[in-house]
Undergrad: 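Take a look at this one; I'll ask things after.
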Amino acid sequence: MAEALTPHLPQLLWLVPLLPMIAAGVIAMLPNGCGKLASKVALGALFGSCLIALIALVCTLAPSSAPTIATAHHWFCYGDEAVKVGVLLDPMSASMAAMVTFVAFCIFVYSTGYMETEQRFGRFFGFLSLFCGAMLMLVLANSLLLLFMAWELVGLASYLLIGFYFKKPAAAAAAQKAFITTRVGDMAFLIGMIWLYRESGTLMFYDGGTGLLETNALESLAAATTCGGLAVSAGASLLLLVGAMGKSGQVPLHTWLPDAMEGPTPVSALIHAATMVAAGVFLVARTHPIFQAAVDVDGASIALSAAAWIGGVTALYAALVAMAQTDIKRILAYSTVSQLGFMMIALGTGGVAAAMLHLICHAFFKALLFLSAGSVIHGCHDEQDIRKMGGLRKTMPKTFLVYAIGMMALSGFPFFFSGFWSKEAVLHSAQVWQGGIGPFLLAVAAALLTAFYMTRQALMVFFGSPRKPGVDHPHESPKVMLVPLYVLAAGAVLLSVIGTPMWQWFEKWMGGEAAEFDGGALFHGHALGLLGVSLAIVTVGVGASWKIYRNLSADSNAPDPLEEKLGGVWGFLVAAMGFDTLYEKAIIKPLASLACVINSIERNIFVPLMAALEGGFKLFGRLTGSTDEKGLNRGFDGVCSGMKNRASSASDAQVGRPQGYLRAIGLGMSVLLILYFWLSA
């Protein structure tokens, strides 16, 4: 079947992103009252994309029949140059397209129940469709230019969705913050892209041997140098990394991601699981050959080392901040920032397959967690403060079950949850990295804290007794919201099969190789020791959280048990270590002050000056107008009148009678003859 479908894939692949985009355009034309129809259009289009993406995935599964399909089409020409675009299908893009469509479809189904009472129900699905279409174009693009265009569409759609409740000031501010912050990274991405085009002459990834990721271009990029002897590949890679940091919320460009929680919960699930934040990680993974080409004399890549350390710092920072949060969605938001840091660690230490495995597994269990949180919020009448919950496992047992699966997958519970094996792969990549042990230690600390804060959240939400004042009459969510949770929970468990060291199917598939089962792989080399470290991480994290939070007060206003232990550090963590305050004082306020100064200069100097100049020009106009009207015009009119009178007198002599003309001629001749004879005498 795979071989029969492969010849048609280049045409079919274009439909994967185009179907949701067309659906978004159709929904935009529908009246506001057609919300149900809009949801059906969106679901139908995404279902079609999901089917094609799964077919494409099947076509790449067997190494013997898993060709890299790279198309190149002329888009337009300028001068003698042609701009090409195309689609690319390889294991990386196939897995991403299948994941995005499948997880997004679950979120779409969930949204039909969660957003049912919204007045702008149809418009919401239009934005979701645009979001998914842009992300799918991004992962399937065979051109860095096409990827960048889709990248910007993803940013636009995220702005629309985060600010969906635009009448709410916090939501409008969060949307602006996300849009502006990510523009910083996007500008670096754009500069890097232009630089790569200047040096290589192409932005196609694969193009018959002349593509950006093919040998000739990589060698030329590595050989060319810029200021300080830095290779062009290194400089461009660093710029691409900054772009990825903006989209994937890496320190210090992370501040927009927690505030994105102001959007509806399905939006949070889509952003944090399958779409926007995954784009930055995917960009580094896709352009990883350029990063690898940027090596110094010691054989290390500056850009990859930067990615590893930035990822490690981000993973630990976000895990520390998550411990002190009380909003159920904000805890998960900082968790996403931390897990993206793990992916960057893997990319920086050379584990592209490990990063992609963790990205895909994370998409399932993080979507599960966000949608479970949405179920809790829905059942608790829009309450999001975990201090006001408690004991919900009795009133919401189904939500508790799926949440527990997501929580254990994220925390790295052994051995039946995908998060355990994907995080194990990241730790292994960091452990064997030749650039130092720092990122590995940061990842270990972050993993321990992940188990701690996720156990804290579970205990405060689902265990103990209901708190007062708290939630009155919580209830279970409807079936349309629970079924997608069951599907995602199954994925969070079943994906553990493809990432175990005993059967490294995913890693081998990414490299185009066949995987073989090796039951003794857990006892090879450092695997057993690393497995012991992972078990210790989970045990210590869960145990410490259980010890601190097992006996929670029934008073929702009581201080957090950890607050008493951390003292002043607690407030520092609650404030996210002051990044927002720092940016407010170091960037926002100085720019606002500069704007006020410019405004004052404009109002007090330029506006009066312009008014004076305006008055001067008006006076000059009146003077020149008076001179023109009373002087030049009258003089010219007088001359014209005199010439007219003379012409009129001359015309009176022209009476039209021939005899008169003959008399005049005769008289004239007579006068001339008299003068002639008189002068001749």
Side-chain angles (χ1 to χ4, degrees), residues 238 241-242 244-245 248-255 257-258 277 280-281 284-285 291 300-325 331 333-352 354-355 357-359 361-362 366 410-412 419-454 526 529-542 544-545 566 569 572-573 576-579:
L238 289 171
L241 177 61
V242 175
M245 289 167 59
S248 290
Q250 300 295 286
V251 174
L253 300 178
H254 67 284
T255 54
L257 197 48
V277 297
V281 175
V284 178
F291 282 74
S301 168
I302 297 173
L304 289 179
S305 298
W309 281 100
I310 289 170
V313 171
T314 300
L316 181 58
Y317 159 80
L320 285 167
V321 173
M323 292 193 306
Q325 304 304 309
I331 294 171
Y334 278 108
S335 170
T336 299
V337 176
S338 182
Q339 297 306 306
L340 292 167
F342 276 90
M343 299 171 205
M344 283 294 181
I345 291 173
L347 291 170
T349 55
V352 177
L357 176 63
H358 195 52
L359 172 60
C361 293
H362 176 265
K366 185 51 64 72
L410 175 58
S411 301
F420 175 78
W421 297 112
S422 64
K423 196 172 293 184
E424 185 88 356
V426 173
L427 292 177
H428 174 72
S429 178
Q431 186 183 34
V432 300
W433 187 47
Q434 299 298 317
I437 199 173
F440 173 75
L441 296 177
L442 292 171
V444 168
L448 189 151
L449 293 176
T450 301
F452 178 89
Y453 67 71
M454 288 307 300
H526 299 290
L530 187 58
L531 182 63
V533 171
S534 298
L535 293 173
I537 287 172
V538 177
T539 303
V540 173
V542 174
S545 186
L566 295 181
V569 177
F572 182 59
L573 297 180
M577 299 189 186
F579 270 94

Undergrad: Do the non-hydrogen side-chain atoms of Val251 and Phe579 ever get within less than 4.5 Å of each other?
TA: yes
Undergrad: Find out whether Ser545 and Met454 are in side-chain contact, i.e. whether some heavy atom of one side chain is under 4.5 Å from a heavy atom of the other.
TA: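 Heavy-atom side-chain distance check fails, nothing below 4.5 Å.
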Undergrad: Strictly distance-based, threshold 3.5 Å: is any side-chain N or O of Lys423 a donor or acceptor partner for the main-chain N or O of Leu410?
TA: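 Side chain of Lys423 to backbone of Leu410, a donor-acceptor pair under 3.5 Å: yes, one is there.
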Undergrad: For Ala244 and Gly280, which heavy atoms make the closest approach, and how far apart are they?
TA: CB-O, 3.3 Å
Undergrad: Name every donor-acceptor pair, under 3.5 Å, that has one atom in a side chain of residues 434-453 and the other anywhere in the protein, sequence neighbours excluded.
TA:
residue : atom : partner : partner atom : Å
Gln434  : NE2  : Val432  : O            : 3.4
Thr450  : OG1  : Ala446  : O            : 2.7
Tyr453  : OH   : Ser335  : OG           : 3.3

Undergrad: Please step through side-chain contact (heavy atoms from CB on, under 4.5 Å) for the pair Val337 and Val321, ending with a clear verdict.
TA: CA-CA 10 Å; Val337 176; Val321 173; over 6 Å; no
Undergrad: So how far is it from Trp433 CH2 to Ser305 OG, rounded to the nearest 0.5 Å?
TA: 4.0 Å
Undergrad: So, does Tyr317 use its side chain to make a donor-acceptor pair with the main chain of Ala576 at under 3.5 Å?
TA: yes
Undergrad: Could you grab the distance from atom CG of Leu359 to atom CE of Met343, nearest 0.5 Å is fine?
TA: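 Leu359 CG to Met343 CE: 5.0 Å, rounded to 0.5 Å.
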Undergrad: Atom CE in Met245, atom CD1 in Ile310: separation rounded to 0.5 Å?
TA: 4.0 Å
Undergrad: List the atom of Ile345, the atom of Ala308, and the distance in Å for their closest heavy-atom pair.
TA: CG1-O, 3.7 Å
Undergrad: For residues Lys366 and Thr336, determine if any side-chain heavy atom of one lies less than 4.5 Å from a side-chain heavy atom of the other.
TA: yes
Undergrad: Could I get the full list of side-chain hydrogen bond (donor to acceptor under 3.5 Å, both in side chains) partners for Ser534, not counting sequence neighbours?
TA: Glu424
Undergrad: Can you name the closest pair of heavy atoms from Ala285 and Val352 and give their distance?
TA: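 For Ala285 and Val352, the tightest heavy-atom pair comes out as CB-CG1, 4.2 Å.
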Undergrad: When rounded to the nearest 0.5 angstrom, what is the spacing between CG in Leu257 and CD in Gln250?
TA: 9.5 Å
Undergrad: On a heavy-atom basis, which atom in Ser422 and which in His358 lie closest, and how many Å separate them?
TA: OG-ND1, 2.8 Å
Undergrad: Taking the side chain as every heavy atom from C-beta outward, state whether Phe291 and Leu241 have any atom pair closer than 4.5 Å.
TA: yes
Undergrad: How would you list, by chain and number, every residue that makes a side-chain hydrogen bond (donor to acceptor under 3.5 Å, both in side chains) with Thr349, sequence neighbours excluded?
TA: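 Partners of Thr349 by the side-chain hydrogen bond (donor to acceptor under 3.5 Å, both in side chains) criterion, ordered by chain and then number, come out as Ser429.
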Undergrad: Tell me, do Thr314 and His254 make a side-chain contact under 4.5 Å, heavy atoms counted?
TA: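 No. Closest side-chain heavy atoms not under 4.5 Å.
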Undergrad: Walk me through whether Leu320 and Met577 qualify under side-chain contact (heavy atoms from CB on, under 4.5 Å).
TA: CA-CA 9 Å; Leu320 285 167; Met577 299 189 186; 3.7 Å; yes
